[in-house]
Amino acid sequence: MSTMKFCRECNNILYPKEDRDRRTLFFACRNCEHQEVSDNNCVYRNEVHHTAGERTQVLQDVASDPTLPRTKTVRCALCGHGEAVFFQATARGEEGMTLFFVCCSPDCGHRWRE
């Protein structure tokens, strides 16, 4: 994995550049024109540390989002609070939209769907 590189001449950051004709990668300073050939062709690597089957998590503070609609017609099954925010999204492995609810009680935050 490549780390950030800094110019040996002026200590500014080196940016990746390519030489398409020679098919090589090098790092160049935007301040003093210093260049060095890269010892690795990897510029950036994003490692995902979860499985594809994991569901997207609903954030706990979604209940305080003022842009989401609220309802007082449902009760939380855990704490009995009478207000929840709701939104629609597609659930994995299911067709159509699913209605998700999040309890607005600051001590609860229970999530459920219908």
Side-chain angles (χ1 to χ4, degrees):
M1 175 70 195
S2 180
T3 60
M4 289 182 80
K5 296 184 182 287
F6 295 93
C7 179
R8 293 179 188 166
E9 305 295 322
C10 65
N11 278 341
N12 282 306
I13 192 167
L14 295 177
Y15 293 92
K17 286 193 173 185
E18 66 177 328
D19 183 346
R20 289 183 185 231
D21 296 333
R22 295 184 187 139
R23 296 181 49 93
T24 58
L25 178 68
F26 61 94
F27 289 91
C29 179
R30 292 183 181 169
N31 187 44
C32 73
E33 304 300 321
H34 172 75
Q35 295 181 1
E36 44 187 80
V37 177
S38 174
D39 56 351
N40 186 350
N41 288 335
C42 180
V43 175
Y44 177 77
R45 184 171 164 175
N46 184 18
E47 293 184 20
V48 179
H49 297 286
H50 60 80
T51 62
E54 288 181 354
R55 296 181 181 263
T56 302
Q57 294 293 317
V58 176
L59 299 176
Q60 193 74 13
D61 58 348
V62 74
S64 61
D65 186 344
T67 63
L68 288 175
R70 297 174 179 272
T71 181
K72 294 186 178 189
T73 61
V74 297
R75 290 225 170 261
C76 175
L78 284 181
C79 71
H81 190 73
E83 183 179 17
V85 296
F86 63 95
F87 56 93
Q88 277 190 318
T90 56
R92 285 186 198 228
E94 297 180 15
E95 291 184 21
M97 300 293 278
T98 302
L99 194 57
F100 291 91
F101 291 90
V102 179
C103 179
C104 287
S105 171
D107 299 324
C108 182
H110 177 62
R111 301 175 296 264
W112 70 96
R113 62 186 186 157
E114 289 183 4

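- Nearest heavy atoms, H110 versus L78: ND1-CD1, 3.2 Å.
- Annotation: the span from L99 atom CG to R113 atom CZ amounts to 11.0 Å, rounded to 0.5 Å.
- Classification of the F100-F87 ring pair by plane angle, with boundaries at 30° and 60°, yields parallel.
- Note: N31 CG to N11 CG = 10.5 Å, rounded to the nearest 0.5 Å.
- Here the rule is side-chain contact (heavy atoms from CB on, under 4.5 Å) with C108, and of P106, S105, C104 only S105 fits it.
- The two residues F26 and E18 come nearest to each other via the heavy atoms CE2-C, 3.9 Å.
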**OP:** List the steps and the verdict of side chain to side chain contact (heavy atoms under 4.5 Å, CB included) for V74 and W112.
**Re:** CA-CA 11 Å; V74 297; W112 70 96; 4.0 Å; yes
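- Side-chain atoms of F27 and P16, non-hydrogen and from C-beta on, do get closer than 4.5 Å to each other.
- One N or O on the side chain of R75 and one on the backbone of G80 form a donor-acceptor pair closer than 3.5 Å.
- Using a 4.5 Å cut-off between side-chain heavy atoms of Ile, Leu, Val, Met, Phe, Trp and Tyr, with links allowed through other members, L14 and V37 fall into different hydrophobic clusters.
- Once rounded to the nearest 0.5 Å, the distance linking SG of C29 with CD of E9 reads 8.5 Å.
- Closest approach of E114 to T98, counting heavy atoms only: O-CG2, 3.6 Å.
- No more than 12 heavy atoms of other residues, nucleotides or ligands shown are found within 6.0 angstrom of CZ on R8.
- Side-chain heavy atoms closer than 4.5 Å link hydrophobic residues (I, L, V, M, F, W, Y) into clusters, and following such links, even through other members, never connects F86 to L68.
- To the nearest 0.5 Å, atoms CE (M4) and OH (Y15) are separated by 7.5 Å.
- The CG atom of D65 lies 3.0 Å from the OG1 atom of T67; values are rounded to the nearest 0.5 Å.
- Expressed to the nearest 0.5 Å, how far SG of C7 lies from CD of Q35 amounts to 10.5 Å.
- Look at K5 and E36 and you find no salt bridge, because none of the NZ, NE, NH1 or NH2 atoms lies under 4.0 Å from a carboxylate O.
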